[in-house]
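Order of listing sets the numbers, starting from 1, for every ligand and every atom in it. In this text the structure is predicted, and so the values were computed from the model without any measurement.
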Amino acid sequence: MDWIRLTKSGKDLTGLKGRLIEVTEEELKKHNKKDDCWICIRGFVYNVSPYMEYHPGGEDELMRAAGSDGTELFDQVHRWVNYESMLKECLVGRMAVKPAVLKDYREEEKKVLNVKGGIKYGIQHSTSDVFSPVTSCNLDPGPYKIGTHLHIYIFSCLFLWAYLSLCGMLPKSQVTDTLAKEGPNYPSYDWFQTDSLVTIAIYTKQKDINLDSIIVDRQDDSFRAETIIKDCLYLIHIGLSREVQEDFSVRVIESVGKIEIVLKKKENTSWNFLGHPLENHHSLIPRKDTGLYYRKCQLISKEDVTHDTRLFCLMLPPSTHLQVPIGQHVYLKLSITGTEIVKPYTPVSGSLFSEFKEPVLPNNKYIYFLIKIYPTGLFTPELDRLQIGDFVSMSSPEGTFKISEFQELEDLFLLAAGTGFTPMVKILNYALTDIPTLRKVKLMFFNKTEDDIIWRSQLEKLAFKDKRLDVEFVLSAPTSEWNGKQGHISPALLSEFLKRNLDKSRVLVCICGPVPFTEQGIRLLHDLNFSKNEIHSFTA
Ligand code: FAD
Ligand code: NAP
């Protein structure tokens, strides 16, 4: 909040009196001291000296990128932080394009133009699909006829692309991505129509695709479908040529890796073409290079769970299909006194019991969060002030946890501290219902006091109902009446708790809580001979 106040004070934070300049690499290098520190992130240069004392990771972390391009370092640590908004008053200008970079782009451009036939072939599915008329219900539209206007369009796009690249206005990855749209494994898409429906079919060419793998957002005439394919996103991004209704359906044919999105036309007329390509349309982009996409969700309910933790229920817009996979988190975004603030949160199920009935809505429209409100925190007090019916922006999911970690699992150990319990909720639900090989689940839940334990009675009831589950509460600041375990995570507590059912049983230990808790836990687990593959730690 102090930083936000300073940015609003009107103080000149760049030392350039509001001017924006072009920064050469030589110039950037000169600004490498604490009191004169410039850092480049994604082509934009910021004077971060005034921000030093407010940086949560400390000055030394920021100084690692002093006078240089800190994009990679930034992405490694907190790609999700909305630095454009946080640092907007520190913007010095953009990097001047280097001659070497210019040469690269010219060569890329030459390659693009030289493989004209290849490009036609490579983008056949995208551009011709977008433009060419396809007969009703025709899954195999036959050879595409690309009209002269299309050639003109393609070449205009290429020249515009090359021009923007030359101006340094597009990140390099997008330029190379455009070139990679060939080859048998590149995803593609198609569309077909009936009188009332338009179906967009995505061919991922992968078999491990499910409803979690596809995120669809429709806003006004823009249609956006992100398909997660391994560590990349395949993006379909189109300005639709005609109006469609708000809701749509999504179907995945796992055996062939095909996704069908069925849109309902507003008018029962034949469409001549699907629409026009928007930014990054038909691109396969490494996930680490994609920005986070947000949609506005409505607050449906808010319920006290402990004295400081609440269960928030958000509703996705009807024009969104999104499912948060087990163990993944999303980012919530609010504008706080004009600055966009983003924090990560892990969705939970509405309850630990599978018989819990969510309000009836198709496509899992409700997303639940257990969120602790810190009275002196930046984000949570603002979130807590939202009224039912208000909106908060929510990103697409992220995270490294994969359900395949549960394969043939026999013993599951969960170590959670405070709200570090949140990823364990869906894991518990899933483990007890969907892992046939599972013999035992043990949760060790660390809190300060009894009043801080989230869903204590639900956990006790679940352990009573399902004998495979054991729950152990450990308190660091208990009252004198507490006769359970006390203290912090320690070798003694863990060695007693983490007993394998059988000597060679297939084990997974999940750990989540304050960063030092998690780090110490991982060290102790290694000391107890748990291998890297047997441990999953949840971090941002
Ligand atoms: P902050 O402003 O970050 O402050 C938090 C506390 O630290 C406050 O008590 C504040 O006074 C204190 N503090 C802040 N700055 C300083 C300082 N410089 N010196 C000393 N004290 C300071 N939380 C949940 O409740 N539920 C979840 O599901 C959840 N999921 C998460 C998933 C991930 C992947 C990660 C990384 C975190 C998750 N968190 C979750 C934590 C969440 O992202 C926020 O960190 C948390 O809500 C606090 O945000 P805040 O802005 O309100 O507080
Ligand atoms: P908390 O109530 O402050 O702490 C919970 C328990 O952990 C307490 O017993 C506490 O003991 C103990 N603890 C704290 N720091 C410790 C340390 N260094 N070593 C050993 N034990 C320690 O926790 P909280 O406020 O709910 O915070 C939860 C944390 O989990 C947040 O940092 C949040 O970011 C993180 N989280 C991460 C994810 C993820 O996916 N990565 C998801 C959810 C939450 P004391 O009494 O001594 O403090």
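- Against a heavy-atom cut-off of under 4.0 Å, K448 is close to the following atoms of ligand 2: 1 (P), 2 (O), 3 (O), 8 (C), 9 (O), 46 (O), 48 (O).
- By the 4.0 Å heavy-atom criterion, H329 is excluded from the residues contacting ligand 2.
- Residue H329 approaches ligand 1 through these ligand atoms, each under 4.0 Å from one of its heavy atoms: 34 (C).
- Atoms of ligand 1 lying under 4.0 Å from any heavy atom of L378, numbered from 1 in the order shown and given with element: 1 (P), 2 (O), 50 (P), 51 (O), 52 (O), 53 (O).
- The aromatic rings of F530 and F413 sit perpendicular, their planes meeting at an angle over 60°, well past the 30° parallel limit.
- Residue-to-ligand polar distances keep I371 apart from ligand 1: every N/O pair is separated by 3.5 Å or more.
- Inspection of the T71 and D69 side chains reveals an N or O donor paired with an N or O acceptor under 3.5 Å.
- Ring-plane geometry between F421 and F445 is classed as parallel, the angle between the planes falling under 30 degrees on a 0 to 90 degree scale with a further cut at 60.
- Close N/O approach between F379 and ligand 1 is found [any backbone or side-chain N/O within under 3.5 Å].
- If you number the atoms of ligand 1 from 1 as listed, the ones under 4.0 Å from a heavy atom of K372 come out as 25 (O).
- Contacts between Y374 and ligand 2 below 4.0 angstrom, taking non-hydrogen atoms only, involve the side chain exclusively.
- Both the backbone and the side chain of T419 come within 4.0 Å of ligand 2, judged by heavy-atom distances.
- With salt bridges taken as basic N to acidic carboxylate O contacts below 4.0 Å, none links K11 and E89.
- For the side-chain contact (heavy atoms from CB on, under 4.5 Å) test, residues two or more places apart in sequence or in another chain that qualify with H237 are S222, R224, L235, L278, E279, H281.
- Interface atoms of ligand 1 facing T422, defined by a heavy-atom separation under 4.0 Å, are 27 (C), 28 (O).
- For CZ of R251, the number of neighbouring non-hydrogen atoms (other residues, nucleotides, ligands) closer than 6.0 Å is 12 at most.
- Remark: K296 is not positioned above the aromatic ring of F391, lacking an NZ or CZ atom under 6.0 angstrom from the ring centre and at most 45 degrees off the axis.
- For the pair K467 and F464, the cation-pi criterion (under 6.0 Å, within 45° of the ring axis) is fulfilled.
- Of all the listed residues (P514, S476, G487, P478), S476 holds the heavy atom that lies closest to atom 8 (C) of ligand 2.
- Annotation for ligand 2: atoms under 4.0 Å from non-hydrogen atoms of T422 are 42 (C), 43 (C).
- Considering backbone and side-chain N/O of L370, one or more are found under 3.5 Å from N/O of ligand 1.
- Residue contact check: N447 has heavy atoms under 4.0 Å from atoms 8 (C), 9 (O) of ligand 2.
- Counting heavy atoms only, G418 comes closest to atom 5 (C) of ligand 2 of the residues G513, G377, G418.
- Annotation for ligand 2: atoms under 4.0 Å from non-hydrogen atoms of T539 are 41 (N).
- In this structure, the side chain of K426 does not engage the main chain of P423 through any donor-acceptor pair within 3.5 Å.
- In this structure, the side chain of S68 does not engage the main chain of G70 through any donor-acceptor pair within 3.5 Å.
- Only backbone heavy atoms of T539 (N, CA, C or O) come within less than 4.0 Å of ligand 1; its side chain stays farther off.
- Both the backbone and the side chain of T346 come within contact range of ligand 1, each with a heavy atom under 4.0 Å.
- Residue Y374 places no N or O, backbone or side chain, under 3.5 Å from any N or O of ligand 1.
- In terms of polar-atom proximity, defined here as any N/O pair under 3.5 Å, V515 makes no such contact with ligand 2.
- Judged by the 6.0 Å and 45° rule, R218 forms no cation-pi pair with F248.
- Between the side chain of R295 and the backbone N or O of M394, at least one donor-acceptor pair lies under 3.5 Å.
- Atom NZ of K8 has more than 12 neighbouring heavy atoms from other residues, nucleotides or ligands inside a 6.0 Å radius.
- At a 3.5 angstrom cut-off on N or O pairs, Y345 counts as close to ligand 1.
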